[in-house]
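See structure below.
Below, all heavy atoms of this structure are taken into account, side chains as well, without hydrogens, waters or symmetry copies.
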Amino acid sequence: MIAFVSGPVAALAPTLAVIEVGGVGMAVQCTPGTIAGLRMGETARLATSLVVREDSLTLYGFADDDERQVFELLQTASGVGPRLAQAMLGVHSPDALRLAVESGDERALTAVPGIGKKGAQKLLLELKGKLGAATAVVGAQRAVASGPAPWTDQLTAALIGLGYAARDAEDAVDAVTPQAEAAIAAGGSAPVPQLLRAALQSLNRTR
């Protein structure tokens with residue numbers, strides 16, 4: 001397997017970069033976002049994944065190892081080949097895809113060309129738990145789990161940290177308040193990590 005390529009950028013196209021490696025031009029398929037970070041003549045390093053078919057060898061390139069790992073994990077779902085996996089990464093970052101899968105966000109997946117509503121539902125089921133947790137969500141959960149602030153403040157801060165507007169975050173907190181109050185009434189405490197997931201689902205439904 002070719003894990004990465006490194007060398008001067010010899011040519012650029014909307015979805016293709018040619019990297020000169022030891023005097024050989026390596027054609028690498030990339031998302032527009034990755035292409036945007038490259039400059040002609042400058043040295044670049046791309047993490048890569050080699051896809052072997054009976055009639056072709058195609059090298060896919062990524063900005064980092066995490067993006068390549070998600071590209072490969074996406075293909076473990078039925079019906080997802082390298083082109084669709086790359087299209088998904090062309091629309092969403094790895095963490096955005098993780099968040100979409102873990103929160104059941106159909107709209108995020110249907111924003112990818114080639115994925116319809118039924119396809120999105122199937123992908124959400126098959127990819128659940130495979131991509132790992134989004135870095136932002138993990139950080140937010142750690143913060144809310146250890147912070148001394150009331151659960152409402154913790155949850156609001158976590159949602160704002162994930163990029164939601166303050167008003168939307170407050171509305172999401174209101175939506176999960178009955179769930180929190182039920183847990184407290186049962187003699188426990190507000191389960192903030194679970195409330196965070198529920199709040200994200202509420203936000204996705206209202207977008």
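Using a 4.5 Å heavy-atom cutoff, the side chains of Val80 and Glu126 are not in contact. In this structure, the side chains of Leu203 and Asp168 come closer than 4.5 Å at one or more pairs of heavy atoms. Side chains of Arg167 and Glu170 form a contact here, defined as non-hydrogen atoms less than 4.5 Å apart. The closest side-chain heavy-atom distance from Thr58 to Leu50 is not below 4.5 Å.
The closest donor-acceptor contact from the side chain of Thr156 to the backbone of Thr152 lies under 3.5 Å. Panel note: side chain Glu42, backbone Leu38; no donor-acceptor pair is recorded below 3.5 Å.
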- [ ] Verify side chain to side chain contact (heavy atoms under 4.5 Å, CB included) between Leu74 and Leu84, making sure each step is shown before the conclusion.
- [x] CA-CA 9 Å; Leu74 288 171; Leu84 183 55; over 6 Å; no
- [ ] Apply side chain to side chain contact (heavy atoms under 4.5 Å, CB included) to the pair Val70 and Leu89, showing each step before the final yes or no.
- [x] CA-CA 8 Å; Val70 171; Leu89 286 166; 4.1 Å; yes
Task: Met26 and Ile2: CA distance, side-chain angles, deciding distance, side chain to side chain contact (heavy atoms under 4.5 Å, CB included) verdict - done: CA-CA 11 Å; Met26 304 287 286; Ile2 302 174; 4.0 Å; yes
Task: Candidate pair Leu97 and Leu109, rule side chain to side chain contact (heavy atoms under 4.5 Å, CB included), full reasoning - done: CA-CA 8 Å; Leu97 283 172; Leu109 294 189; 4.1 Å; yes
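Between Ala63 and Thr34 the shortest heavy-atom distance is N-OG1, 3.9 Å. Taking every heavy atom of both residues into account, Ser6 and Val21 meet most closely at O-CG2, 3.8 Å. Taking both residues in full, the closest heavy atoms of Gly61 and Thr48 are given as CA-CG2, 4.2 Å, listed atom of the first, atom of the second, then distance. Listed here is the closest heavy atom pair of Ala10 and Met40: O-CE, 3.2 Å. Scanning all heavy atoms of the two residues, the minimum distance from Asp65 to Ala47 falls at OD1-CB, 3.4 Å. In plain terms, the two heavy atoms of Val176 and Ala199 that are nearest each other are CG1-N, 3.7 Å.
Atom CD of Glu102 sits about 10.0 Å away from atom CD of Gln201, to the nearest 0.5 Å. Taken to the nearest 0.5 Å, the CD atom of Glu67 stands 5.0 Å off from the OG1 atom of Thr31. The line from CG of Leu59 to SG of Cys30 is 8.5 Å long, rounded to the nearest 0.5 Å. To the nearest 0.5 angstrom, Leu127 atom CG is 11.0 Å from Lys122 atom NZ. Of the inter-residue distances, the one linking Leu131 atom CG with Thr76 atom OG1 reads 7.5 Å to the nearest 0.5 angstrom. Here the CZ atom belonging to Phe62 is positioned 10.0 Å from the CD atom belonging to Gln29, to the nearest 0.5 angstrom.
Cluster annotation: Val18 and Phe4 are assigned to distinct hydrophobic clusters (Ile/Leu/Val/Met/Phe/Trp/Tyr, side-chain heavy-atom contacts under 4.5 Å, transitive). Ile115 is not connected to Leu125 by any chain of hydrophobic side-chain contacts under 4.5 Å among Ile, Leu, Val, Met, Phe, Trp and Tyr, and they are in different clusters. The cluster map of Ile, Leu, Val, Met, Phe, Trp and Tyr, joined by side-chain heavy atoms under 4.5 Å apart, puts Val28 and Val52 in the same cluster. No continuous path of hydrophobic side-chain contacts links Ile19 to Val51 [ILVMFWY only; heavy atoms under 4.5 Å]. Val91 is connected to Leu73 through a chain of hydrophobic side-chain contacts under 4.5 Å among Ile, Leu, Val, Met, Phe, Trp and Tyr, so both are in one cluster.
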